[in-house]
Amino acid sequence: MAQLQSAEITGIVTEVSRLTAGLYVFPETGERIARGLDDALSNGRYHQSGAPETLGRLVTEDLQSVNGDGHLRLKFHPHAIPTEQEDGAVLAELARAADLSLGGVPRIERLEGGVALLKLAPILFPLDMTGDSLNAALGLVARAEALVLDLRECVGGDPYTVAHICGHLFDGPTHLSTIYDREEDAERQFWSPAPAPGPRFGGSKPLYALISGATFSGGEALAYDLQQRGRAVVVGEASGGGANPRRGFTLHPHLEATIPTARSINPVSGGNWEGTGVIPDTATDPARAHETAHRAALADIARLGGDTPSAEEARQALHGRADDHPTPPDARL
């Protein structure tokens with residue numbers, strides 16, 4: 001990979017500064033960050049960073065130095081990225097990730113007691129890219145007595161996909177979020193769609209969402225929307241804290257400026273998870289979140305009663321675990 005020349009570095013940083021000042025969702029903060037980049041460029045901070053990866057790291061440090069926005073970056077891509085369209089880099093990255101993750105559904109499993117585990121990672125892909133895989137997975141878990149939704153490695157996603165998933169987890173259209181766009185100076189609401197024909201998990205059975213410090217952006221949006229509506233119990237550790245949707249601009253074959261141009265507003269909390277992350281209802285080591293949620297789901301199934309084979313299996317599983325670990329069977333762990 002060719003080293004960057006001085007004129008290239010100046011051009012890249014100057015363009016990042018211009019985009020940040022002109023598009024960042026918080027105008028005053030964007031102008032302050034842009035002035036910092038201009039000062040650092042004038043002082044020679046970037047001109048010894050001949051490698052694109054090094055320049056990306058230094059500029060990202062400065063972009064995030066004011067308010068820590070994890071979406072505001074000069075992102076290095078090891079593979080050459082498209083230059084002909086906005087967000088070309090992320091679209092190429094999504095296509096590779098989709099091929100490697102079975103369309104964003106790398107794991108489906110039936111756990112003891114009729115509990116289903118559905119892992120969504122690494123991205124909640126646009127529906128036109130992997131909707132068939134997602135719909136097949138959601139249909140498969142619809143018959144479960146309880147669902148554990150694993151978002152611990154979900155680092156982003158499309159808000160329309162978030163709404164689509166929620167359409168399988170609520171019983172009717174539900175206002176999930178509103179996104180304010182600076183450039184348009186307008187708001188756009190996102191609702192879960194009306195129930196579609198076919199099997200659905202629905203809005204009443206126990207639902208748990210697993211998160212970790214790696215969970216970010218669209219993965220956080222799904223967990224937060226479910227939590228704020230009281231639909232899911234969130235288990236794990238506080239997530240990464242990126243709530244401002246971004247746009248991507250290719251500035252070099254291996255460098256993309258990602259600029260948050262909008263912000264998410266939850267209709268229940270009136271805010272979002274930017275900076276703080278989604279705070280779990282049940283805090284635990286993410287490595288144990290799967291086990292914790294499964295045990296709680298078994299307790300839910302036992303408490304709700306029912307005479308299905310899965311419910312009986314759940315009661316037997318809880319009884320056996322209670323013998324080993326004297327914990328009340330209806331405890332939320």
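No hydrogens, no waters, no symmetry mates; every other heavy atom, side chains included, goes into these values.
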- Query: Taking atom CZ of Arg110 as the centre, does the number of heavy atoms from other residues, nucleotides or ligands within less than 6.0 Å exceed 12?
  - Reply: yes
- Query: Considering residues, nucleotides and ligands other than Glu53, do more than 12 of their heavy atoms fall under 6.0 Å from its CD?
  - Reply: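 Not more than 12 within 6.0 Å, no.
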Can you list the residues that meet the ring-ring contact (aromatic ring centres under 6.0 Å, His included) rule with [X], with sequence neighbours excluded?
X: Tyr46; answer: none
X: Phe170; answer: none
X: His47; answer: none

- Task: For residues Leu118 and Leu120, determine if any side-chain heavy atom of one lies less than 4.5 Å from a side-chain heavy atom of the other.
- Result: yes
- Query: Any side-chain heavy atom of Thr261 sitting closer than 4.5 Å to one from Glu183?
  - Reply: no
Under 3.5 Å donor-acceptor pairs involving side-chain atoms of residues 124-145, not counting sequence neighbours:
residue	atom	partner	partner atom	Å
Thr130	OG1	Gly103	O	3.4
Asn135	OD1	His164	NE2	2.6
Asn135	ND2	Gly131	O	3.2
Glu145	OE2	Thr308	OG1	2.7

- Query: For the atom pair CD (Glu256) and OG1 (Thr250), what is the distance rounded to the nearest 0.5 Å?
  - Reply: 6.0 Å
- Message: Can you tell me how far apart CD (Glu220) and CH2 (Trp273) are? Round to the nearest 0.5 Å.
- Response: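 Between atom CD of Glu220 and atom CH2 of Trp273 there are 6.5 Å.
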- Query: If two hydrophobic side chains count as joined below 4.5 Å and joins carry through other members, does Ile211 share a cluster with Leu147?
  - Reply: no
Which residues share a side chain to side chain contact (heavy atoms under 4.5 Å, CB included) with [X], sequence neighbours left out:
X: Pro193; answer: none
X: Gln48; answer: none
X: Glu184; answer: Asp181, Ala186
X: Arg315; answer: Ala302, Ala311, Glu312

- Task: Please report the C-alpha distance between Cys166 and Leu226 in whole Å, then the side-chain angles of each, then the deciding distance to 0.1 Å, and finally whether the side chain to side chain contact (heavy atoms under 4.5 Å, CB included) criterion is met.
- Result: CA-CA 8 Å; Cys166 288; Leu226 294 170; 4.0 Å; yes
- From Val59, Asp62, Leu58, residue fulfilling side chain to side chain contact (heavy atoms under 4.5 Å, CB included) relative to Leu74: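 Answer after filtering Val59, Asp62, Leu58: Val59.
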Counting N and O atoms only, with roles assigned by atom type, does the side chain of [X] sit under 3.5 Å from a partner on the main chain of [Y], one being a donor and the other an acceptor?
X: His254; Y: His77; value: yes
X: Thr284; Y: Ala289; value: no
X: Glu8; Y: Gln5; value: yes

- Can you name the residues that form a salt bridge (charged side-chain N to carboxylate O under 4.0 Å, His left out) with Asp150, not counting sequence neighbours?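 With sequence neighbours excluded, Asp150 shows a salt bridge (charged side-chain N to carboxylate O under 4.0 Å, His left out) to Arg152, given in chain and number order.
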- Message: Any carboxylate oxygen within less than 4.0 angstrom of a Lys/Arg side-chain nitrogen, looking at Lys119 and Glu153?
- Response: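 Between Glu153 and Lys119 there is a salt bridge, with a charged N closer than 4.0 Å to a carboxylate O.
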- Task: Just do the salt bridge (charged side-chain N to carboxylate O under 4.0 Å, His left out) check on Arg288 and Asp285 with the steps written out, would you?
- Result: CA-CA 5 Å; Arg288 298 193 60 190; Asp285 184 337; over 6 Å; no
- Query: According to the ring-ring contact (aromatic ring centres under 6.0 Å, His included) rule, which pairs have a member within residues 1-29, sequence neighbours left out?
  - Reply: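 As it turns out, the ring-ring contact (aromatic ring centres under 6.0 Å, His included) pairs with a partner in residues 1-29, which skip direct neighbours, are Tyr24-Phe26.
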- Task: Check the pair Asn272 / Ile265 against side chain to side chain contact (heavy atoms under 4.5 Å, CB included), numbers first and verdict last.
- Result: CA-CA 6 Å; Asn272 58 41; Ile265 305 166; 5.7 Å; no
- Task: Quick one: list whatever passes side-chain hydrogen bond (donor to acceptor under 3.5 Å, both in side chains) with His71, sequence neighbours left out.
- Result: Ser217
- Message: According to side-chain hydrogen bond (donor to acceptor under 3.5 Å, both in side chains), who are the partners of Thr215, at least two apart in sequence or on a separate chain?
- Response: none
